[in-house]
Amino acid sequence: DTSGKTITCQAAIAWAANSPLSLEEVHVDPPKAGEVRIKLTSSGICGTDNHVLKGEVEVKFPLIPGHEGAGIVESVGEGVSTVKPGDKVLTIVIPQCRECSSCLHPRGNFCKKQDVLPTSGLMMDGTSRFTCKGKRIYHSFRTSTFTEYTVVPEIGVAKIDDEAPMDKVCVMSCEVPTGYGAAVHSTKVTPGSTCVIYGLGGIGSAVVIGCKASGASRIIGVDINEEKFPRAKALGVTDCINPRKLKMPVQDAVVEMTGFGVDFAFEAVGRPETMVAAWNSCHVSYGVCVIIGLAPTNSYLSLEAPEIITGRIMKGACLGDYKTRDDIPQLVTDYLKNKINIDPLITHQLPFNQIHKAMDLYNAGKVIRCVLLF
Ligand code: APR
Ligand code: ZN
């Protein structure tokens with residue numbers, strides 16, 4: 001029985017921005033009040049982890065990256081009532097405290113107790129549960145899933161169905177709610193509509209599945225890596241565009257292809273330029289532009305101000321605007337009932353100790369999602 005004891009295990013540490021991950025022996029403290037210690041079973045590698053590792057979003061180093069995790073509860077701290085040891089769970093970057101102004105509002109999901117924007121890298125009491133070689137190691141968005149064991153706040157843990165396949169379901173923690181949810185829940189893409197998706201990586205591919213499921217008639221996919229096109233077409237993209245091969249700005253090409261601009265534009269890259277391109281791809285009167293990529297810290301958008309009056313909508317969405325602890329378990333159940341097929345989103349699976357190979361495949365643009373298995 002490990003409960004109440006420090007666990008020594010393997011974790012991947014980023015000692016600094018732009019330095020390769022290093023597999024180390026770490027000590028994981030027991031969960032404090034309101035916290036849960038989880039034995040990870042799988043973790044995705046998401047575009048946000050890449051932003052973190054490249055130093056594009058402001059975080060504190062050294063840290064244990066990773067946020068898209070699935071695992072089994074090992075032990076719980078004092079007062080924890082919603083999960084118990086042995087439960088299957090997901091780690092969720094945007095918690096649901098059920099008490100703050102976001103959580104209490106019917107449409108709000110960006111819980112005030114989140115640790116993404118801005119990030120402290122620490123648990124809610126201002127301390128860390130990880131040490132390595134005597135040094136304190138920061139948490140990543142209060143998730144940290146590139147480790148055999150992690151500690152997270154109870155409000156960031158979603159308890160899922162006992163039947164869930166733990167080698168795959170980690171993508172339900174971020175990729176699926178963020179992408180699929182942006183289309184079917186945040187935006188409610190309408191049947192017969194035209195859509196464009198900037199970025200055909202993991203998140204963009206999940207958007208495609210959502211647009212297709214909503215009955216969109218035309219789904220345009222934009223990516224600078226043409227290797228992403230065959231898989232995107234298999235998911236339902238009708239037209240693929242590589243902006244680097246065009247003689248005109250990509251947004252002009254999208255407007256030309258659709259006559260007037262699309263009904264729905266999604267940005268799943270995380271760059272101001274593609275956000276502006278998505279905005280300008282929309283129908284000027286009724287188009288909806290949905291930003292789901294995380295832009296670099298201290299970056300700004302430059303929009304033509306007079307163009308805003310025409311009626312277009314720009315909206316951001318984290319995790320599909322879902323009330324995370326309430327709604328994400330339902331998505332898992334829908335997957336188990338074959339109502340959503342997430343399997344094509346996972347193109348690679350590797351054991352956790354091959355994380356370097358997984359990062360190489362990600363950096364080479366070869367994967368939709370590579371899932372690490374523990
Ligand atoms: N135009 C179009 N596509 C681009 C561009 C560009 N200028 N630059 C990069 N891309 C493509 C990449 O080739 C890749 O296919 O965007 C895709 C990004 O996909 P992933 O790296 O798999 O990242 P993903 O997990 O999908 O996350 C995308 O969503 O949640 C956010 O923070 C996350 O900002 C990130 C975004
Ligand atoms: Zn809240």
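When a residue number appears, it is its place in the shown sequence, counting from 1. Below, each value reflects all heavy atoms present in this structure, side chains not excepted, and no hydrogens, waters or symmetry copies. Atoms within a ligand are numbered from 1 in the order they appear, just like the ligands themselves.
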* To do: Determine the sole option in E74, M123, R142 for which the side-chain contact (heavy atoms from CB on, under 4.5 Å) test with V151 is passed.
  =>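 Among E74, M123, R142, the one that satisfies the side-chain contact (heavy atoms from CB on, under 4.5 Å) with V151 is M123.
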
* Asked: Are C195 and V262 side-chain neighbours, meaning at least one heavy-atom pair lies under 4.5 Å?
  ->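 Counting from C-beta outward, C195 and V262 never come under 4.5 Å.
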
* Asked: Tell me, do Q96 and C111 make a side-chain contact under 4.5 Å, heavy atoms counted?
  ->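 They are not in side-chain contact.
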
* Asked: Going only through I, L, V, M, F, W and Y residues with side-chain contacts under 4.5 Å, is there a path from I328 to F141?
  ->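 Yes, because I328 and F141 connect within a single hydrophobic cluster, where side-chain heavy atoms sit under 4.5 Å apart.
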
* So, T145 versus S43: side-chain donor-acceptor pair below 3.5 Å or not? ->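 Indeed, the side chains of T145 and S43 share at least one donor-acceptor pair under 3.5 Å.
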
* Asked: Does the separation of the ring centres of F130 and H27 fall below 6.0 angstrom?
  ->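 Centroid distance F130-H27: not below 6.0 Å, so no.
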
Note every protein N or O atom lying under 3.5 Å from an N or O atom of ligand 1, pairing the names and giving the distance.
from     : atom 1 : to   : atom 2 : distance (Å)
ligand 1 : 13 (O) : D223 : OD1    : 2.7
ligand 1 : 15 (O) : D223 : OD2    : 2.6
ligand 1 : 15 (O) : K228 : NZ     : 3.2
ligand 1 : 21 (O) : Y362 : OH     : 2.5
ligand 1 : 22 (O) : G202 : N      : 3.2
ligand 1 : 25 (O) : G47  : N      : 2.8
ligand 1 : 25 (O) : R369 : NH1    : 3.0
ligand 1 : 25 (O) : R369 : NH2    : 3.4
ligand 1 : 26 (O) : G202 : N      : 3.1
ligand 1 : 26 (O) : I203 : N      : 2.8
ligand 1 : 30 (O) : I292 : O      : 3.4
ligand 1 : 32 (O) : T48  : OG1    : 2.6
ligand 1 : 32 (O) : H51  : NE2    : 3.4
ligand 1 : 34 (O) : H51  : NE2    : 2.7
ligand 1 : 34 (O) : V269 : O      : 3.1
ligand 1 : 34 (O) : L294 : N      : 3.0

